[in-house]
Amino acid sequence: MPDSLPVDLAEPLQASSRRRRGFGDRVVYFSETGSTNDVAAALAEQGAAEGTIVVASSQTAGRGRMGRVWHSPPDAGLYVSIICRTARAAPYLTLAGGVAAAEGISTATGLPVEIKWPNDIVVNSGVPRRRRKLAGILAEGVSTPDGLLHVILGVGINIRPAAYPLELADRATSIEAELGRTVDRGAVLAELLVVLSGLVHELSNGDRAGLLRRWRTLAPSAQGAPLEYETPAGRRIGTAAGIADDGALLVRVGDRLERIVSGEIMWKNP
């Protein structure tokens, strides 16, 4: 059964209600659940409206891209899944989620962050300086031959310092660890929803230019960074050359320009 929505989440959502275009008007909250994406998918199958969100303070089966485990310790992060039904927005929701998370974090906390293709929110910090991940995006869609049923857009944000698994310890961080002070997680959630709702509204009207412009500004590594990636013919080395208008990563390999729409990227810069 869902739990009562904590005051620190309820008050910022109430204060931002006019700016959210209905996103977050219905909130299903759990102090702990398996996966917010799974709960949101079940609600979507039952007919829950676009903009319905599932929020948890902890997940026992959180997941990220390519089936990886998303570390979701109690009270250390914000784990939210949003039901989206706008068909024209669906192909761009991973990009939109990245922009919404990045701009939401910066607006609510003042922390400057970047997007790393395809779905990571990172911050340049530490000695030596390197990119550390503090949020991730996972979009999971369901469609039929008749068209889109829904997309569940999951966002996991590390709010407070936590004991990360050894393999993540030098690559993960949190908003509070970077700022050295407490932050209002409710404000982060509210501002994320404000940005996302606006982007979905633009996309529903056929306008993707604003989203692409904002994403490219927030993702400097997508232009000029060295990287490696796997292909059926073996590993290739290239240089990021931006993203196409459909969100594919463009990579220059010698005199060729290749497109990557999925798969594992090994970025060579810190």
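What you see is a predicted model; the values in this text were computed from it and never measured.
The hydrophobic cluster containing Ile152 does not contain Leu93, counting ILVMFWY residues as joined when their side-chain heavy atoms lie under 4.5 angstrom apart, directly or transitively. In the hydrophobic clustering of ILVMFWY residues, with side-chain heavy atoms under 4.5 Å counting as a link, Val27 and Val188 come out together. Hydrophobic cluster membership is shared by Val123 and Ile137, with clusters built from Ile, Leu, Val, Met, Phe, Trp and Tyr side chains linked at under 4.5 angstrom. By the rule that hydrophobic residues join a cluster once side-chain heavy atoms approach within less than 4.5 Å of another member, Leu43 and Val155 end up as members of separate clusters. Hydrophobic clustering, with ILVMFWY side chains joined whenever heavy atoms are under 4.5 angstrom apart, groups Ile157 together with Ile82.
Counting heavy atoms from C-beta outward, Val251 and Leu257 have side chains that stay 4.5 Å or more apart. When side chains are defined from C-beta on, Arg259 does not count as touching Leu249, because their heavy atoms never get closer than 4.5 Å. Residues Val99 and Leu211 form a side-chain contact, since some pair of their non-hydrogen atoms from C-beta on lies under 4.5 Å apart. The side-chain heavy atoms of Leu250 and Arg252, taken from C-beta on, include no pair separated by under 4.5 Å. In this structure the side chain of Glu140 never reaches within 4.5 angstrom of the side chain of Val151, judged on heavy atoms. Counting heavy atoms from C-beta outward, Pro226 and Met266 have side chains that stay 4.5 Å or more apart.
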- [ ] Please assess Thr173 against Asn158 for the test side chain to side chain contact (heavy atoms under 4.5 Å, CB included), listing each intermediate value before the final yes or no.
- [x] CA-CA 7 Å; Thr173 187; Asn158 299 334; over 6 Å; no
Open item on the list: Please evaluate residues Ile237 and Val253 with respect to the criterion side chain to side chain contact (heavy atoms under 4.5 Å, CB included), reporting the C-alpha separation (whole Å), side-chain torsions for both, the decisive distance (0.1 Å), and the verdict.
Closed with: CA-CA 7 Å; Ile237 299 174; Val253 181; over 6 Å; no
- [ ] Determine, step by step, whether Thr94 and Asn119 satisfy the side-chain hydrogen bond (donor to acceptor under 3.5 Å, both in side chains) criterion, reporting the C-alpha distance in whole Å, the side-chain angles of both residues, the deciding distance to 0.1 Å, and the verdict.
- [x] CA-CA 7 Å; Thr94 296; Asn119 65 344; over 6 Å; no
TODO: Check step by step if side chain to side chain contact (heavy atoms under 4.5 Å, CB included) holds for Leu218 and Val113.
DONE: CA-CA 8 Å; Leu218 287 162; Val113 297; 5.6 Å; no
TODO: Quick one: do Val80 and Thr36 satisfy side chain to side chain contact (heavy atoms under 4.5 Å, CB included)? Show the steps, please.
DONE: CA-CA 6 Å; Val80 55; Thr36 58; over 6 Å; no
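Taking a cutoff of 4.0 Å between a charged side-chain nitrogen and a carboxylate oxygen, Arg216 and Asp245 qualify as a salt bridge. In summary, Arg160 and Asp75 do not engage in a salt bridge, as defined by a charged side-chain N under 4.0 Å from a carboxylate O. Remark: Glu258 engages Arg236 in a salt bridge, criterion side-chain N to carboxylate O under 4.0 Å. Checked for salt-bridge contact, Glu114 and Arg131 miss the test: no charged N lies under 4.0 Å from a carboxylate O.
Looking at every heavy atom in both residues, Ala135 comes nearest to Ile105 through CB-CD1, 4.5 Å. Between Cys84 and Phe23, the shortest heavy-atom contact is SG-CE2, 4.4 Å. Residues Ala162 and Pro73 come closest through the heavy atom pair CB-CG, 3.8 Å. Residues Ala44 and Ile83 approach most closely at N-CD1, 3.8 Å, considering heavy atoms. What you find for Ile243 and Leu212 is that their closest heavy atoms are CD1-CD2, 4.0 Å. Scanning both residues, Pro2 and Val28, for their nearest heavy atoms gives CG-CG1, 3.8 Å.
Not one N or O on the side chain of Asp120 forms a donor-acceptor pair closer than 3.5 Å with the backbone of Val122. Put simply, the side chain of Ser143 never gets that close to the backbone of Leu149: no donor and acceptor are under 3.5 Å apart. Using a distance-only test at 3.5 Å, with no hydrogens or angles considered, a donor-acceptor pair links the side chain of Ser174 to the main chain of Ala177. Formation of a donor-acceptor pair under 3.5 Å by the Thr52 side chain with backbone atoms of Ala49 is found in this model. Remark: the backbone N or O of Ala248 is paired with a side-chain donor or acceptor of Asp246 at under 3.5 angstrom. Between the Trp117 side chain and the Gly247 main chain, a donor and an acceptor come within less than 3.5 Å of each other. For the pair Glu228 (side chain) and Ile265 (backbone), a donor-acceptor distance under 3.5 Å is absent. Arg85 places a side-chain N or O within donor-acceptor distance of the main-chain N or O of Ala48, the cut-off being under 3.5 Å. Asn37 places no side-chain N or O within 3.5 Å of a backbone atom of Val39 that could act as its donor or acceptor partner. Side chain of Ser106 to backbone of Glu103: no donor-acceptor contact under 3.5 angstrom is found.
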Identify every side-chain donor-acceptor pair in residues 191-204 under 3.5 Å, counting partners at least two apart or on other chains, and give the distances.
unit_1: Glu191; atom_1: OE1; unit_2: Arg19; atom_2: NH1; d: 3.4
unit_1: Glu191; atom_1: OE2; unit_2: Arg19; atom_2: NH2; d: 2.8
unit_1: Ser197; atom_1: OG; unit_2: Arg20; atom_2: O; d: 3.2
unit_1: Ser197; atom_1: OG; unit_2: Leu193; atom_2: O; d: 3.0
unit_1: Ser197; atom_1: OG; unit_2: Val194; atom_2: O; d: 2.9
unit_1: Ser204; atom_1: OG; unit_2: His201; atom_2: O; d: 2.6

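Within 6.0 Å of the CD atom in Gln14, the count of heavy atoms belonging to other residues, nucleotides or ligands does not exceed 12. Applying the 6.0 Å contact sphere to CZ of Arg256 captures more than 12 heavy atoms from other residues, nucleotides or ligands.
The structure places CD of Glu11 at 10.0 Å from CG of Leu5, a figure rounded to the nearest 0.5 Å. Taken from CZ in Arg171 to CG in Leu134, the straight-line distance is 13.5 Å, to the nearest 0.5 Å. Taking CG of Leu95 as the start and CH2 of Trp215 as the end, the distance is 6.5 Å to the nearest 0.5 Å. Put simply, CG on Asp146 and CG on Leu148 are 11.5 Å apart, with the number rounded to the nearest 0.5 Å. How far CD1 of Ile53 is from CG of Leu9: 8.5 Å, rounded to the nearest 0.5 Å. Of the inter-residue distances, the one linking Ile121 atom CD1 with Lys133 atom NZ reads 9.5 Å to the nearest 0.5 angstrom.
Applying the side chain to side chain donor-acceptor pair (under 3.5 Å) test to every pair with at least one member in residues 38-49, sequence neighbours left out, gives these pairs: Asp38-Arg63.
Side-chain contact check for Arg235 and Tyr229: no donor-acceptor pair (N or O, by modelled atom type) lies under 3.5 Å. A donor and an acceptor atom, one from each side chain of Tyr29 and Ser57, are located under 3.5 Å apart.
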